[in-house]
Participant: 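Encoded as structure tokens, here's the structure I'll be asking about.
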Amino acid sequence: MGVLTDTGLAAFLIIVVLIGGAGATLTARAVARAWRPWWRAVLWMVPLAAAVRFVQFALFDGTLLAVRYYAVDLAILVAIAAIAHRATRRRQMRTQYGWLQA
């Protein structure tokens with residue numbers, strides 16, 4: 001059992017970072033496009049992290065109810081969502097208020 005995951009590094013990278021990260025990015029972009037605050041995207045990461053944990057459990061015999069691994073998955077998804085929300089909001093502001101540039 002590793003520090004980041006109980007399913008192995010390859011499964012962790014594929015499921016959490018690649019697939020879960022794509023879901024986090026799309027969710028954060030949708031929240032940002034609706035002009036909602038960043039913490040709304042963080043709230044949506046809670047069920048997404050649970051879904052990612054379930055996929056690791058179902059496909060790779062991971063531990064379903066492991067708080068430590070759920071917290072790691074959640075932290076990574078929140079970080080990805082925060083970056084995606086900020087990038088989308090930045091594009092929105094540049095498009096909407098481009099005349100404010102000095």
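Remember, predicted model here, so these are calculated numbers, not experimental data.
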Participant: Any donor-acceptor pair under 3.5 Å linking the side chain of T63 with the backbone of L65?
Facilitator: no

Participant: Please tell me if the side chains of T25 and I80 come closer than 4.5 Å, counting only heavy atoms from C-beta onward.
Facilitator: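 When only atoms from C-beta onward are counted, I80 and T25 do touch, with a gap below 4.5 Å.
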
Participant: Are I76 and L18 connected, step by step, through hydrophobic side chains (Ile, Leu, Val, Met, Phe, Trp, Tyr) whose heavy atoms are closer than 4.5 Å?
Facilitator: no

Participant: What pairs of donor and acceptor atoms, side-chain ones from residues 37-45 against any protein atom, are under 3.5 angstrom apart with sequence neighbours left out?
Facilitator:
none

Participant: State the CG-CZ distance between D6 and F60, to the nearest 0.5 angstrom.
Facilitator: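 With rounding to 0.5 Å, CG (D6) is 11.5 Å from CZ (F60).
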
Participant: What are the two closest non-hydrogen atoms of A24 and L77, and how far apart are they?
Facilitator: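 Closest approach of A24 to L77, heavy atoms only: CB-O, 3.7 Å.
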
Participant: Looking at every heavy atom in both G20 and V52, which two are closest together, and how far apart are they?
Facilitator: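 The pair with the smallest heavy-atom distance is CA-CG2, 4.0 Å.
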
Participant: So do T5 and V16 actually touch side chain to side chain, heavy atoms under 4.5 Å?
Facilitator: no

Participant: Taking the basic N atoms (NZ, or NE/NH1/NH2) and the acidic carboxylate oxygens, is any pair closer than 4.0 Å for D73 and R68?
Facilitator: no

Participant: In the single-linkage hydrophobic clustering (I, L, V, M, F, W, Y; side-chain heavy atoms under 4.5 Å), do V17 and L9 co-cluster?
Facilitator: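 Yes; tracing contacts between hydrophobic side chains, which count when under 4.5 Å, links both residues.
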
Participant: If two hydrophobic side chains count as joined below 4.5 Å and joins carry through other members, does I19 share a cluster with L26?
Facilitator: no

Participant: Using side-chain heavy atoms (C-beta onward) and a distance below 4.5 Å, is Q56 in contact with Y69?
Facilitator: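 No, their side chains stay 4.5 Å or more apart.
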
Participant: Does L59 share a hydrophobic cluster with V72, counting links as ILVMFWY side-chain heavy atoms below 4.5 Å and allowing steps through other members?
Facilitator: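 Result: yes, single cluster for both.
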
Participant: Could you tell me how the ring of F54 sits relative to the ring of F57: parallel (under 30°), tilted (30 to 60°) or perpendicular (over 60°)?
Facilitator: tilted

Participant: Any side-chain to backbone donor/acceptor pair from Y70 onto V46? Under 3.5 Å, distance only.
Facilitator: yes

Participant: Give every donor-acceptor pair under 3.5 Å between a side-chain atom in residues 82-94 and any protein atom, sequence neighbours left out.
Facilitator:
| unit_1 | atom_1 | unit_2 | atom_2 | d |
| --- | --- | --- | --- | --- |
| H85 | NE2 | R36 | O | 3.1 |
| T88 | OG1 | A84 | O | 2.9 |
| R89 | NE | Q92 | OE1 | 3.1 |
| R89 | NH2 | R36 | O | 2.7 |
| Q92 | NE2 | A32 | O | 3.0 |

